[in-house]
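Here the structure is a predicted model, which is why all the values come from computation and not from measurement.
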Amino acid sequence: VSSFISEEQAEENFRQELAGVKDLEEVKAKAAAAWNKQLGKVEVEGGSEEDKATFYSCMYHSMLFPRQFYEYNQAGEPVYYSPYDGKVHKGYMFTDNGFWDTFRAQFPLNLLLHPEMHGRYLKSLLDAYDQSGWLPSWSCPGHSGGMIGNHAFSLLADAWVKGVRTFDPQQALKAMHHDATDKAPFGQSIGRSGWRDYYLKGYVPFGTTSEPTAKTLEYAYNDFCAMRLAQEVGNKTYERFFGKTIFNYRNVYDPESRFMRGRLPNGEWAQKDFDPTAWGGPFIEGNAWQYTWHVQHDVPGLIELFGGKEVFLNKLDSLFTIELKGSGLADVTGLIGQYAHGNEPSHHVVYLYTMIGQPAKTADKVREILTTLYHDQPDGLSGNEDVGQMSAWYVLSSLGFYQVEPAGGRYFFGSPLFDRAEVRVRDGVLTVTAHNNSAANKYIQAVKLNGKPYTKPYIAFDDIAAGGRLEFEMGAQPAVWYEL
């Protein structure tokens with residue numbers, strides 16, 4: 001037993017955690033009981049034993065991060081040593097999480113299964129801002145500044161849209177504005193690298209900073225999140241400010257090649273010998289094939305850029321068939337054509353099919369990924385776990401839905417892996433039943449919510465969190481049960 005605060009607090013931690021424990025077997029039994037309580041928040045039936053082992057392994061992995069960084073004093077109050085200002089504070093603090101990975105599924109899953117902890121986490125983000133002057137992006141234990149983007153914006157907006165009220169939204173908007181219009185002297189994701197050009201030119205130019213096109217795309221999504229929060233709380237000033245740049249992704253789309261590309265300061269396209277399969281350059285841990293779909297907040301707008309659904313669909317189909325050249329990155333694996341499940345930018349892409357009226361193609365790809373890119377052995381993930389994101393994708397997708405657009409609150413349907421699941425959520429239990437489910441019967445034929453026919457391609461967060469009955473009728477032939 002240890003403490004980040006003091007020797008006296010370490011002794012207090014020992015008293016709280018281990019006083020009176022007789023031996024190691026008792027410690028193991030208590031740990032097993034604690035984990036079983038958490039893993040029991042979802043109970044699945046059906047599928048193979050390997051499927052169940054994989055599911056609970058992934059659920060376990062999804063709960064390893066973020067880590068608790070607070071302790072309890074003698075009065076039972078939460079206290080913590082802050083890695084941001086070096087002082088001891090009352091309250092909750094967490095560490096070890098990289099939002100570039102986890103805003104996509106791990107935090108949305110946390111909010112479903114661990115709403116109290118999630119609320120505390122969001123408050124701790126603003127405490128970190130107060131103590132350091134910046135919102136975290138990758139805490140380890142304080143600011144490490146890894147990867148890119150301002151995805152604390154996503155966490156805060158997503159939670160507020162879903163009813164979490166543990167933090168001051170006006171303070172959050174102030175912090176977002178600060179981080180969107182400045183750059184810390186350390187860590188490329190603390191503040192915004194290239195922020196001046198992003199506002200003046202509408203994009204981050206190639207050659208002025210690293211990964212400029214990826215940054216443009218992620219900043220536009222982050223701005224959408226900030227705008228959504230401002231809309232929700234009636235702050236017109238910040239709504240107008242962030243709303244001006246949510247379409248900046250259009251400025252790095254090349255209509256001739258139909259790819260997102262690097263753009264020079266003078267507006268010309270960079271890399272005249274452009275190769276969409278080439279890794280790096282204007283992107284981070286990816287290429288133009290992966291990042292072209294990184295417009296999670298405005299899929300209709302992206303479709304319009306392509307020239308319509310048919311062109312968009314053909315391009316999306318090609319993603320899974322074009323051969324990938326060697327990337328040189330160990331964590332970019334799990335390949336289906338150019339689709340790289342072993343890294344996060346691809347994780348929402350298979351659900352785009354459901355969004356454009358092609359749910360059978362989502363079902364095909366989801367089942368392929370669930371059954372071939374995950375298993376129950378030590379090497380059972382197709383890429384780096386990335387602080388729980390890889391496993392959170394499996395947990396949500398195997399239940400039959402996934403959130404494409406964090407801060408949107410909609411979970412789009414795919415193909416449930418298990419015949420039945422009971423999910424303990426905020427207000428009760430959501431029972432998910434897949435009738436006539438099998439490897440062959442992977443296509444949703446019809447949906448019911450609380451016994452009534454349901455004709456949407458997604459389920460809203462509030463419907464999940466309220467508990468109830470979600471029923472899928474499965475079959476061997478593709479079907480479309482909804483209208484767009």
Side-chain angles (χ1 to χ4, degrees), residues 103-104 148-151 153-154 157 176 180-181 192-228 230-231 238-272 274 276 281-284 286-316 318-319 338 345-346 348-349 351-352 355-356 404-408 484:
F103 82 87
R104 308 164 198 269
I148 63 174
N150 306 111
H151 295 300
F153 295 17
S154 178
M176 291 174 180
T181 56
R192 280 190 179 172
S193 174
W195 67 272
R196 287 186 176 86
D197 282 326
Y198 176 76
Y199 290 112
L200 294 173
K201 297 180 181 295
Y203 64 96
V204 182
F206 186 84
T208 62
T209 186
S210 60
E211 302 101 17
T213 303
K215 288 175 179 173
T216 299
L217 295 169
E218 302 205 25
Y219 294 165
Y221 164 70
N222 299 149
D223 289 345
F224 166 80
C225 294
M227 184 194 74
R228 285 285 289 123
Q231 288 175 333
Y238 284 132
E239 180 184 348
R240 287 192 295 269
F241 175 81
F242 287 108
K244 292 177 181 179
T245 49
I246 64 174
F247 300 118
N248 274 5
Y249 70 87
R250 298 172 178 171
N251 299 326
V252 291
Y253 178 79
D254 174 14
E256 183 175 345
S257 67
R258 295 199 176 103
F259 283 105
M260 301 293 177
R261 291 187 57 182
R263 198 164 195 171
L264 297 171
N266 64 7
E268 295 180 2
W269 295 113
Q271 300 171 303
K272 298 302 182 182
F274 172 64
F283 306 104
I284 185 169
N287 62 16
W289 272 108
Q290 282 94 48
Y291 264 96
T292 292
W293 316 101
H294 209 293
V295 187
Q296 293 164 260
H297 63 291
D298 188 23
V299 174
L302 182 61
I303 292 171
E304 182 181 345
L305 274 186
F306 271 92
K309 284 186 180 180
E310 184 176 354
V311 180
F312 182 88
L313 177 60
N314 290 336
K315 190 79 166 187
L316 187 56
S318 297
L319 172 71
Q338 292 285 324
S346 291
H348 70 286
V349 173
Y351 288 90
L352 295 178
M355 297 181 77
I356 59 172
V404 172
E405 31 168 34
L484 294 175

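Separating the CD1 atom in Ile356 from the CG atom in Leu484 is a distance of 9.0 Å, to the nearest 0.5 Å. The OG atom of Ser193 lies 9.5 Å from the CD1 atom of Ile148; values are rounded to the nearest 0.5 Å. Considering NZ of Lys309 and CE of Met355, their distance stands at 10.0 Å, rounded to 0.5 Å. In this structure, CG in Asn222 is found 12.5 Å from CD1 in Ile246, a value given to the nearest 0.5 Å. Put simply, CZ on Arg228 and OG on Ser154 are 11.5 Å apart, with the number rounded to the nearest 0.5 Å. Atom CD in Gln290 sits 13.0 Å away from atom CD1 in Ile284 (nearest 0.5 Å).
Between Arg263 and Thr213, the closest side-chain pair of non-hydrogen atoms is not below 4.5 Å. With a 4.5 Å cut-off on side-chain heavy atoms, Glu304 and Phe312 do not count as touching. In this structure, Pro406 and Phe153 have side chains that are not in contact, with every pair of non-hydrogen atoms separated by 4.5 Å or more. With a 4.5 Å cut-off on side-chain heavy atoms, Arg261 and Trp269 count as touching. Here the side chains of Val349 and Leu316 are in contact, with some heavy-atom distance below 4.5 Å. Looking only at side-chain heavy atoms (C-beta outward), Asp254 and Met260 stay at 4.5 Å or farther from each other. Put simply, the side chain of Thr208 reaches to within 4.5 Å of the side chain of Pro265, judged on heavy atoms. For the pair His297/Tyr221, a side-chain contact is recorded, criterion being any heavy-atom separation below 4.5 Å from C-beta on.
With sequence neighbours excluded, no residue forms a ring-ring contact (aromatic ring centres under 6.0 Å, His included) with Tyr203. Under the rule for a side-chain hydrogen bond (donor to acceptor under 3.5 Å, both in side chains), the partners of Asp298 that lie at least two apart in sequence or sit in another chain are Tyr249. Under the side-chain contact (heavy atoms from CB on, under 4.5 Å) criterion, Arg240 pairs with Lys236, Thr237, not counting sequence neighbours. Residues meeting the ring-ring contact (aromatic ring centres under 6.0 Å, His included) test with Tyr253, sequence neighbours left out: Phe306. With sequence neighbours excluded, the residues satisfying side-chain contact (heavy atoms from CB on, under 4.5 Å) with Glu405 are Arg410, Phe412. Applying the side-chain hydrogen bond (donor to acceptor under 3.5 Å, both in side chains) test to Asn150 and every residue at least two apart in sequence or in another chain returns Arg192.
A side-chain donor from one of Asp223 and Thr245 sits under 3.5 Å from a side-chain acceptor of the other. In this model, no donor atom of one side chain and acceptor atom of the other lie less than 3.5 Å apart for Tyr198 and Thr216.
Two rings, from Tyr291 and His294, have their centers less than 6.0 Å apart. For Phe241 and Tyr199, the distance between ring centers is under 6.0 angstrom.
Considering all non-hydrogen atoms of both residues, Ala226 and Met176 come closest at CB-SD, 3.6 Å. Annotation for Ala288 and Phe274: closest pair CB-CZ, 3.8 Å, computed over non-hydrogen atoms. Taking each heavy atom of Leu264 and Pro205 in turn, the nearest pair found is C-CB, 4.1 Å. Among all heavy-atom pairs drawn from Tyr219 and Gly149, the shortest one is CE2-CA, 4.1 Å.
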**Asked** Are Cys225 and His151 close enough, and set up right, to give a side-chain contact (heavy atoms from CB on, under 4.5 Å), and what steps lead you there?
**Response** CA-CA 9 Å; Cys225 294; His151 295 300; over 6 Å; no
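Under a cutoff of 6.0 Å and an axis angle of 45°, Lys315 and Trp289 form a cation-pi pair.
Judged by distance alone, the side chain of Gln296 and the main-chain N or O of Val404 form a donor-acceptor pair under 3.5 Å.
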